[in-house]
Trainee: 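Attaching a single structure in structure tokens format; questions to follow.
Chain identifiers are assigned alphabetically (A, B, ...) following the order of the sequence lines, protein sequences preceding nucleic acid strands; residue numbering begins at 1 within each chain. Just the heavy atoms: all of them, side chains too, but no hydrogens, waters or symmetry mates, feed the values below.
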2 protein chains.
Amino acid sequence: MSGWEAIRAEVLSRIRRRDWPPGALIPNEEALAQEFGVARATVNRALSELARAGVLERRRKAGTRVTALPVRKATLDIPVIRAEVEARSQRHAHRLLARARQPLPPALAARLGAPAGADYLFLQTLHLADGRPHVLETRWLNPAVLPDPAPDFATLSINEWLVAHVGFATGDIAFSAEPASVEDAAALGCAAGAALFITERTTFTDVAPITFVRLAHAPGYRLQTLL
Amino acid sequence: MSGWEAIRAEVLSRIRRRDWPPGALIPNEEALAQEFGVARATVNRALSELARAGVLERRRKAGTRVTALPVRKATLDIPVIRAEVEARSQRHAHRLLARARQPLPPALAARLGAPAGADYLFLQTLHLADGRPHVLETRWLNPAVLPDPAPDFATLSINEWLVAHVGFATGDIAFSAEPASVEDAAALGCAAGAALFITERTTFTDVAPITFVRLAHAPGYRLQTLL
DNA sequence: GAGTGGTCTAGACCACCTC
DNA sequence: AGGTGGTCTAGACCACTCT
């Protein structure tokens, strides 16, 4: 191994070995470049990666420190549901349970930054994995992003239509646990009150809100990632 | 704005505008460098960031494509519990409920890559926020990583001792929803069967397993992040 | 074999921040 | 005011992988 990855490994090793304990200032880029016999840019690359991982804290003039109370950063992959199901070699299908124009509930209007009571498209979709209920998707969609006539979401999943036609957007995502409502339970085929893993996402373009979606995952769902 | 961030923004804009639709091959680095009047390294930096975000897919010789079915990547911060509580201006405290040497349950031994029935330290800690139950932490700890004599975890939280003395490690993390067990309910002061948000982590150093920890969060907990 | 991205270098300038 | 990291350049070599 050589190059910036080798330097990252060596620095990490010195941190683990407590040569550079938590909170300590480490030598500056030029000194390390000399020590390792590489260009400063190579050291910069290695240290920047460690800073991104939360292991180091870097500030101009102040130098580079080992993070005292490291905030571990985990990267989650949020796949399209169909891709997630098919990655487990299961067959994916979806059924459109509801589709209606509805005024946006006030709480959601606030989260999306939309006018209260705005006319939104309400969609409820049940995703199936190998024919069994997998995820109940409840979505409010800004009709302004839709073409006229609107696509038939009975055949093409909404989410896939969005990623293909609206493109990349910003937003936020939240995870929680909720007891299954009567509606959740009916759709997912579980008992009311069962512990469900809930994902909630809001997405925006630069100019307008796009959608709010709540995913209620069938019992047993796990979201997993490497640290 | 100028530099690599400007180029990233312009490329992203062309993708959103569908000048470069999903799946399309975009010009190579040298062509873009000429067009924007910058060095190839600057284009490389911009495109690498977009690839890291999952917007582009890059392969030598094959070139750079707009991701067809983008896998959104969300970065989660996993703070030390005390820091998380204090960040909300609440007072943190913890009580050590149990501490015992116990053989590692077979299921956990497999996950940690430890010999079945290995002698581990079992610790159960209740974290309080403003005096109210916040998280029930259930942990198995490899005694080999502890000094002799072992620290008194009644005063210093285990997790903080670990981050300060064992240092950075690899591992994995999983999130799920579970009904509260009788034990969970008693500790957290909620009803048995209530929907709890569960975090499970396993961590290793290069050479040995360190710990498995299960965090049962009190009802209402949300894990949130930006996309 | 050849085209593409990944990385490295040596030097430079600059933004930022602590002192 | 001056030290530090952040970025850019122009050029080079290399690793990978598609054809």
Side-chain angles (χ1 to χ4, degrees), chain A residues 1-15 19-68 70-71 73 75 168, chain B residues 1-15 19-68 70-71 73 75 168:
Chain A
M1 179 160 53
S2 71
W4 69 267
E5 291 183 283
I7 293 174
R8 179 184 60 180
E10 172 58 22
V11 169
L12 197 54
S13 162
R14 290 185 187 180
I15 293 170
D19 293 348
W20 295 333
L25 202 59
I26 78 173
N28 69 25
E29 294 187 346
E30 200 174 325
L32 290 173
Q34 280 202 0
E35 185 198 333
F36 293 126
V38 299
R40 184 168 79 90
T42 305
V43 172
N44 180 279
R45 175 72 192 272
L47 299 188
S48 299
E49 294 285 336
L50 288 171
R52 189 197 299 262
V55 175
L56 294 176
E57 284 173 345
R58 320 192 74 201
R59 282 204 316 280
R60 287 162 154 116
K61 164 73 176 171
T64 300
R65 291 184 176 281
V66 180
T67 305
V71 173
K73 300 216 187 328
T75 302
F168 303 91
Chain B
M1 178 160 55
S2 71
W4 69 267
E5 291 183 283
I7 293 175
R8 180 184 59 180
E10 172 59 22
V11 169
L12 197 53
S13 162
R14 290 184 188 181
I15 292 171
D19 293 347
W20 295 333
L25 202 57
I26 78 173
N28 69 26
E29 295 187 346
E30 200 174 322
L32 290 173
Q34 280 202 2
E35 185 198 332
F36 294 125
V38 299
R40 184 168 78 90
T42 306
V43 172
N44 179 278
R45 175 71 191 272
L47 299 188
S48 299
E49 294 284 336
L50 288 171
R52 190 198 297 264
V55 174
L56 295 175
E57 284 172 344
R58 321 193 73 201
R59 284 205 315 280
R60 288 161 152 114
K61 163 72 177 174
T64 300
R65 293 184 175 281
V66 180
T67 305
V71 174
K73 299 220 192 320
T75 303
F168 303 92

Trainee: Scan nucleotides 17-19 of chain D against the protein and return all N/O pairs shorter than 3.5 Å with their distances rounded to 0.1 Å.
Mentor:
from, atom 1, to, atom 2, distance (Å)
D:dC18, OP1, B:Arg59, NE, 3.1

Trainee: Taking atom CD of A:Glu30 as the centre, report whether more than 12 heavy atoms of other residues, nucleotides or ligands fall under 6.0 Å from it.
Mentor: no
Trainee: Tell me whether the OP1 or OP2 atom of C:dT9 has a side-chain N or O from A:Thr42 closer than 4.0 Å.
Mentor: yes
Trainee: What's the CG-C1' distance between B:Leu25 and C:dT4, to the nearest Å?
Mentor: 10 Å
Trainee: From C:dT9, C:dC8, D:dG5, pick the nucleotide closest to the side chain of A:Val38?
Mentor: C:dT9
Trainee: Is any side-chain heavy atom of B:Arg52 closer than 4.5 Å to one of A:Arg52?
Mentor: yes
Trainee: How long is the straight-line distance from OG1 of A:Thr42 back to CZ of A:Arg8, given to the nearest 0.5 Å?
Mentor: 13.5 Å
Trainee: Whole angstrom is fine here: how far is it from CD in B:Glu49 over to P in D:dT7?
Mentor: 9 Å
Trainee: Would you say B:Thr64 reaches C:dT4's phosphate, i.e. side-chain N/O to OP1/OP2 under 4.0 Å?
Mentor: no
Trainee: Find the distance B:Glu29:CD to D:dG11:P and express it as a whole number of Å.
Mentor: 16 Å
Trainee: Which whole-number value in Å describes the distance from B:Asn28 CG to C:dA2 P?
Mentor: 17 Å
Trainee: Taking CD from B:Glu5 and C1' from D:dT7, how many angstroms apart are they, rounded to a whole number?
Mentor: 10 Å
Trainee: Does D:dG5 have OP1 or OP2 under 4.0 Å away from a side-chain N or O of A:Asn44?
Mentor: no
Trainee: Report yes if some heavy atom in the side chain of A:Leu25 is under 4.5 Å from a heavy atom in the side chain of A:Thr64; otherwise report no.
Mentor: no
Trainee: Starting at the 5' end of DNA chain C, which residue's closest nucleotide do you reach first, B:Ile26 or B:Ala41?
Mentor: B:Ile26
Trainee: Rounded off to whole Å, could you give me the CZ-to-C1' distance for the A:Arg58 and D:dT4 pair?
Mentor: 9 Å
Trainee: Please give, in whole Å, the distance from D:dA10 P to B:Glu30 CD?
Mentor: 13 Å
Trainee: Return the minimal non-hydrogen interatomic distance between A:Trp4 and A:Ala46, and the atom names on each side.
Mentor: O-CB, 3.5 Å
Trainee: Can you tell me the distance, in whole Å, between the CG atom of A:Leu32 and the C1' atom of D:dT4?
Mentor: 13 Å
Trainee: Check whether the side chain of B:Arg40 and the base of C:dG6 form a donor-acceptor pair under 3.5 Å.
Mentor: yes
Trainee: Quick check: does any side chain N or O of A:Arg65 sit under 3.5 Å from a backbone N or O of A:Gly23, one acting as donor and the other as acceptor?
Mentor: yes
Trainee: For the residue pair B:Ile7 and B:Leu32, establish whether any side-chain heavy-atom pair is separated by less than 4.5 Å.
Mentor: no
